[in-house]
Amino acid sequence: MSELIDSGELEKSEKKEMDKAYNPQAAEKKWYDFWEKQNYFTPQIKEGSAPFTIIMPPPNVTGALHIGHALTVAVEDALIRWHRMCGEVTLYLPGSDHAGISGETVVEKLLLETEGKTKNDLGREEFLNRVWDWMHKYRDVIDDQLRALGASCDWTRKCFTMDAGPQKAVRKVFKTLFDEGLIYRAERIVNWCPGSLTVISDLEVDMEEEDGFLWHIRYPVQGEEGRFVTVATTRPETMLGDTAVAVNPNDARYKDLVGKMLLLPLMHREIPIVADEGVESDFGTGAVKVTPGHDPLDFEIGQRHHLPIINIMNPNASINQNGGAYAGLDRFVARKQVVKDLEAAGLLIKTEPYRHSVPYSQRAGVPIEPLVKEQWWVKIGPLAQPALEAAQDGRLKFVPERFKKTYTDWLENIHDWPVSRQLFWGHRIPVYFCNNCNKASATAEETLAKCDHCGSTDIWQDPDVLDTWFSSGLWPFSTLGWPDQTADSAYFYPGSVMETGYDIIFFWVARMVMFGMHFMGDVPFHTVYLHGLVRDEKGEKMSKSKGNVVDPLETINEFGSDALRFTLLTSSTPGNDSKMSRTKLLDSRNFANKIWNATRFITLSGTSELNYQAPKLETDAPLADRWIVSEYFMLVGEVNRLLEAYQLGEAGRLIYDFLWGEFCDWYIEAAKLRLNSADAAEKRRVQATLTGVLEGALRLLHPFMPFVTEELWHNLPHEGESLIVAPWPQPDESQIDRAALAQFEALRQVIRGIRNAKTEAKVENKKVAAIVLAKPQLKELFEREAETLVRLAGVEAQKLTITDTLPTPPAQALALVTDAATVYLPLSGLLDLEVERTRLAKEIEEAQREIEKSEKMLANPNFAERAPAAVVGKEREKLATAQERLAKLAQRLKDLN
RNA sequence: GGGCGGUUAGCUCAGUUGGUAGAGCGCUUCGCUUACACCGAAGAUGUCAGAGGUUCGAGUCCUCUACCGCCCACCA
């Protein structure tokens with residue numbers, strides 16, 4: 001029964017005759033609004049029934065979405081729609097991220113451009129107002145883009161990392177970890193970003209290979225006139241903060257010098273020579289200048305030898321007053337000056353070109369400067385252990401599996417996490433320092449009234465904010481209302497799948513798992529699906545500076561949302577990078593148009609009054625019907641299998657092949673005959689199969705191309721009010737008729753053979769006569785399918801002969817041998833016998849090659865013994881068929897001579 | 001210095017329980033056959049990077065090599 005929908009728009013689309021081509025714009029808007037209005041995106045909690053949940057990775061609110069986000073949505077929404085159609089309670093929760101540093105940077109830049117002011121000119125409060133303005137603006141842009149992509153997410157549960165809920169979650173987590181001793185404050189060497197003026201973690205530092213120099217500098221030995229120790233460095237300006245020179249304890253060259261003093265050039269300071277295992281004797285000169293204040297390794301050496309730490313840099317990486325004469329100079333200017341001065345002093349003995357890695361700040365794009373600062377740290381070991389175990393015991397699965405190793409390797413070698421950032425924008429660290437007792441108190445509340453230790457009210461809040469990934473790490477449960485005991489967090493946690501890029505496994509995935517295990521006692525999701533980078537046509541990474549970014553909205557406008565989604569899904573495999581190109585988008589667009597026209601053709605035959613009928617194998621139905629229903633159920637089986645294995649691309653391709661290659665190219669063509677039939681019952685039957693199979697295929701395709709499928713579905717007989725909630729097709733072996741598949745294949749071979757022969761004989765546009773000499777058991781099949789043969793192969797109906805005996809084959813005829821039949825095309829006058837002989841000879845050769853190959857295989861006693869019987873049987877059959885073909889071809893050749 | 005990926009038709013890529021290689025685009029030749037030229041029909045093209053091994057059988061498993069790319073790593 002075809003329900004009436006309470007929607008004028010829908011009514012119209014069902015009645016109106018379809019356009020000649022698919023127009024995505026209108027359909028996309030219409031159906032997205034309809035779905036949303038019908039609340040299909042908002043799940044109702046159903047106790048006792050396991051939900052399918054995907055929490056969307058929150059895009060940064062620093063600009064518009066890029067193509068990578070489109071891939072994320074394409075994959076996630078396909079999974080969501082598939083599970084929704086399977087009848088599961090399905091939650092796709094959208095949100096966005098405040099993007100700490102980059103958020104702050106974007107607004108700072110804007111402020112400078114438009115008002116010529118810095119954030120400090122405005123002050124914290126006013127600056128934050130400006131950031132919020134920006135965020136509100138871009139959140140809307142992003143929401144619109146997600147809608148355009150067709151993301152079937154529950155907007156009623158939309159979340160932002162800076163919403164009150166997540167803020168509360170952040171404080172709760174901080175306070176808990178603080179009380180557990182897993183958050184502590186310590187002075188260590190950290191990565192300082194002179195561009196953003198904040199500390200950043202190791203993950204936010206990129207190493208970049210650069211051509212630089214290794215400067216060899218002599219440090220005079222005190223009390224030994226004329227003796228020097230030569231050190232090599234890539235950052236000579238740091239010598240201003242040197243507090244020692246270190247050598248390997250086993251280095252014979254320097255053994256007698258250990259413990260002696262050197263005179264630090266330029267600074268005229270005495271520094272000791274220390275012996276440390278960390279120094280490699282065979283690198284450089286074997287002696288290392290030690291700057292504990294500005295180098296991680298030197299810092300460690302300094303700790304071991306109790307060396308003083310001298311900070312010679314200002315926050316903006318210029319030299320401070322500890323740098324003596326160089327104070328005020330930018331670090332790179334100072335570098336040049338130091339080198340110049342050393343040269344003048346005769347202490348620079350070598351300037352060696354040297355390629356090395358320089359640490360850059362990911363966000364600001366400038367080299368970072370290691371320096372010693374007091375920061376808040378997360379003691380990560382106790383959090384990492386359960387996260388590691390979850391992956392090892394399989395509670396957490398990775399797609400593709402290889403990323404499990406990436407993940408576990410990182411967790412096994414993890415370092416404590418510096419979480420404070422010297423920014424305005426972000427979650428303020430919920431810690432108050434006491435002016436009375438100098439101790440720190442953390443709180444889970446919005447503010448703290450008095451010191452936890454001495455009760456003093458003379459307290460002040462830490463000005464820093466938290467690393468943006470701290471709140472991201474809580475995303476799987478902060479979005480569900482935690483720390484409050486909510487129905488959502490009880491029902492939807494843990495989530496099902498986390499789909500994101502492999503580039504943020506450490507930043508994000510690992511941290512979500514650590515926090516999830518610690519605070520919720522369970523993994524935040526069972527499966528991590530990792531996609532690769534979407535690159536441009538040349539395989540280059542897309543970036544604004546290169547100008548090769550593909551804007552999803554522009555693409556959607558040009559090709560349609562479905563085309564973009566289908567392209568993204570079918571041109572990528574999990575974990576691998578993919579390339580985006582116009583030709584692929586065109587192909588997907590054409591596919592949408594192809595199925596549009598198939599539907600159009602079918603409906604034009606008058607199907608609007610038909611009742612819905614599911615594809616069903618009917619033993620008395622014509623071969624083509626039994627064949628297409630069988631093919632359809634084969635497809636259903638494969639698609640289900642592939643989706644369960646997260647092989648979305650492969651599944652999409654199969655649906656494409658089925659719809660285009662089988663349904664349109666063969667079934668519709670074969671069906672045309674019966675659509676014109678005078679027999680009404682016959683016509684209805686073929687219409688039922690056409691619409692039923694197409695409707696089923698549209699269901700399968702819906703997760704990949706939601707809009708066009710929904711639009712078409714309403715043009716076909718259907719049950720229910722929307723495809724988005726139509727039941728997902730279930731595999732059914734009983735609906736697969738193997739004999740029908742084989743028979744149709746036999747018919748197809750003959751049709752293809754005739755078409756091919758006609759082309760070769762250059763008569764492809766003419767109807768020809770044909771004599772089909774069928775295998776006796778297949779004679780009946782060809783007789784029954786004579787009309788199909790006539791129509792699809794271009795044979796003249798009156799001149800078609802079907803027989804299983806032919807005492808004298810026609811001499812003036814082209815002969816083609818298929819497994820099922822030998823077909824003679826009498827082309828009197830048009831046939832060049834010499835050409836025909838050559839053609840036959842070539843085919844004979846081919847058959848012989850095949851026979852040889854099979855015989856060789858079968859002759860191998862090991863093959864017969866060890867290969868499975870089915871494989872051996874298949875090979876025997878192949879050999880027999882080839883031999884049969886060879887015999888027929890040889891006979892024909894003989895006849896022609 | 002470790003680790004991971006890629007190397008398949010001119011181009012872009014599929015090919016997941018090892019059974020003898022596919023798609024799209026492009027190319028060649030036909031075609032407006034009453035859904036579609038965003039189309040249809042026919043066709044050409046591959047020592048599956050190289051070498052070795054396991055196996056009756058390897059694009060698919062193992063080892064090594066080459067080139068390309070990525071990730072991790074405190075050699076100044």
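Letters A, B, ... are given to chains in the order of the sequence lines, protein chains preceding strands, and every chain is numbered from 1.
Closest contact between the side chain of A:Asp587 and the listed nucleotides B:rG24, B:rA35, B:rA42 involves B:rG24. Side-chain proximity of A:Phe283 to B:rA35, B:rA76, B:rC38: nearest is B:rA76. Closest to the side chain of A:Glu280, from the set B:rC75, B:rG43, B:rA41, is B:rC75. Side chain of A:Val279, nearest nucleotide from B:rG19, B:rC30, B:rA76: B:rA76. Counting only heavy atoms from C-beta on, A:Tyr656 has its side chain closest to B:rG24 among B:rC75, B:rC36, B:rG24. In this structure, the nucleotide among B:rC74, B:rC38, B:rG31 sitting nearest to the side chain of A:Asn765 is B:rG31. For A:Glu650, whose side chain is taken as the heavy atoms from C-beta onward, the closest listed nucleotide among B:rC4, B:rG15, B:rG19 is B:rG15.
When the P atom of B:rA35 is taken as reference, atom CG of A:Leu694 falls 15 Å away, rounded to whole Å. Straight-line distance from the NZ atom of A:Lys20 to the C1' atom of B:rA35: 9 Å, rounded to whole Å. If you measure from atom CD of A:Glu855 to atom P of B:rU20, you get 18 Å, rounded to the nearest angstrom. Rounded to whole Å, the distance from CG on A:Leu673 to C1' on B:rU33 is 13 Å. For A:Leu533 and B:rC71, the CG to P distance is 9 Å, given to the nearest whole Å. We find that CG of A:Leu654 is positioned 11 Å from P of B:rG15, with the value rounded to whole Å. As rounded to whole Å, 13 Å separates atom P of B:rG31 from atom NZ of A:Lys758. In this structure, the NZ atom of A:Lys762 is 19 Å from the P atom of B:rA41, given to the nearest Å.
At the heavy-atom level, A:Val231 lies nowhere under 4.0 Å from the strands shown. Among the heavy atoms of the strands lying under 4.0 Å from A:Thr233 are primed sugar atoms or P, OP1, OP2 only; no base atom is included. Heavy atoms of A:Pro861 sit nowhere under 4.0 angstrom from any nucleic acid atom. Contacts of A:Thr234 with the nucleic acid, taken as non-hydrogen atoms under 4.0 Å apart, involve only primed sugar atoms and P, OP1 or OP2. Across all strands shown, A:Phe506 has heavy atoms under 4.0 Å from sugar-phosphate atoms exclusively, and none from any base. Residue A:Met857 is in base contact, counting any heavy-atom pair closer than 4.0 Å across all strands shown. If you check every strand for non-hydrogen atoms under 4.0 Å, A:Asp298 touches nothing.
A:Ser578 and A:Ser571 are not linked by any side-chain donor-acceptor pair at a separation below 3.5 angstrom, with hydrogens and angles left out of the test. Between the side chains of A:His415 and A:Asp202, no donor-acceptor pair of N or O atoms lies under 3.5 Å.
Relative orientation of the A:Tyr529 and A:Tyr646 rings is tilted, given thresholds of 30° and 60° on the angle between their planes.
Rounded to the nearest Å, the gap between the P atom of B:rG69 and that of B:rU8 is 16 Å. For B:rU47 and B:rA42, the P atoms lie 26 Å apart once the distance is rounded to whole Å. For the P atom pair drawn from B:rG59 and B:rU20, the interatomic distance equals 11 Å after rounding to whole Å. Of the P atoms belonging to B:rC13 and B:rG19, the separation is 25 Å, rounded to the nearest Å. Atom P of B:rC39 sits at a distance of 9 Å from the matching atom of B:rG26, rounded to the whole Å. Between B:rA41 and B:rC48, the distance separating the two P atoms is 31 Å to the nearest Å. Taking atom P on both nucleotides, B:rA66 is separated from B:rG50 by 16 Å, rounded to a whole Å. When the P atom is used for both B:rG53 and B:rG10, the distance is 29 Å, rounded to whole Å.
A close approach under 4.0 Å does not occur between any side-chain nitrogen or oxygen of A:Asn860 and OP1 or OP2 of B:rG57. Between A:Arg755 and B:rA42 there is a side-chain polar atom (N or O) within less than 4.0 angstrom of OP1 or OP2. Within the 4.0 Å cut-off from OP1 or OP2 of B:rA14, at least one side-chain nitrogen or oxygen of A:Thr573 is found. Note on A:Trp660: every side-chain N or O is 4.0 Å or more away from OP1 and OP2 of B:rC36. Contact annotation: A:Tyr354 reaches the phosphate of B:rA76 (side-chain N/O to OP1 or OP2, under 4.0 Å). Between B:rG57 and A:Asn862, no contact under 4.0 Å exists linking OP1 or OP2 to a side-chain N or O. Look at A:Lys579 and you'll find a side-chain N or O under 4.0 angstrom from OP1 or OP2 of B:rC13.
Side chain A:Lys584 to base B:rA23: no donor-acceptor pair is found below 3.5 Å. Side-chain atoms of A:Lys594 and base atoms of B:rC36 include a donor and an acceptor less than 3.5 Å apart. Residue-to-nucleotide contacts include a donor-acceptor pair under 3.5 Å from the side chain of A:Glu669 to the base of B:rA35.
The side-chain hydrogen bond (donor to acceptor under 3.5 Å, both in side chains) test with A:Ser854 is passed by exactly one of A:Glu875, A:Lys878, A:Arg849: A:Glu875. When each of A:Thr570, A:Asp587, A:Leu701 is checked for a side chain to side chain contact (heavy atoms under 4.5 Å, CB included) with A:Tyr656, only A:Asp587 meets the rule.
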Residues A:Thr238, A:Lys289; criterion side-chain hydrogen bond (donor to acceptor under 3.5 Å, both in side chains); working and verdict = CA-CA 9 Å; A:Thr238 61; A:Lys289 58 187 279 307; 2.6 Å; yes
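For B:rC38, there is no paired nucleotide, since no Watson-Crick or G-U wobble pair has both relevant distances below 3.5 Å. With a cut-off of 3.5 Å on both Watson-Crick or G-U wobble distances, the partner of B:rC27 is given as B:rG43. In this entry B:rA9 has no Watson-Crick or G-U wobble partner, no candidate having both defining distances under 3.5 Å.
Summarising the local packing, CD of A:Glu401 is surrounded by 12 or fewer heavy atoms from other residues, nucleotides or ligands at distances under 6.0 Å. Remark: A:Glu787 CD is loosely packed, at most 12 non-hydrogen atoms of other residues, nucleotides or ligands lying under 6.0 Å away.
In this structure, A:Glu650 pairs ionically with A:Arg653, as a charged nitrogen and a carboxylate oxygen lie closer than 4.0 Å. Comment: A:Lys767 does not engage A:Glu796 in a salt bridge, judged by the lack of any side-chain N to carboxylate O separation of less than 4.0 angstrom.
Along RNA chain B, the nucleotide nearest to A:Gly278 and the one nearest to A:Lys853 differ in position, and the one closer to the 5' end is contacted by A:Lys853. If A:Arg600 and A:Trp666 are placed on RNA chain B by their nearest nucleotide, the residue sitting closer to the 5' end is A:Arg600.
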If the sugar-phosphate is the primed atoms plus P, OP1 and OP2 and the base is the rest, what is the B/S/- string for nucleotides 44-49 of chain B, using protein heavy atoms under 4.0 Å?
-> ------
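Between A:Tyr407 and A:Leu388, the shortest heavy-atom contact is OH-N, 4.5 Å.
Counting only distance, with no hydrogens or angles, the side chain of A:Lys758 and the backbone of A:Gly794 share a donor-acceptor pair below 3.5 Å.
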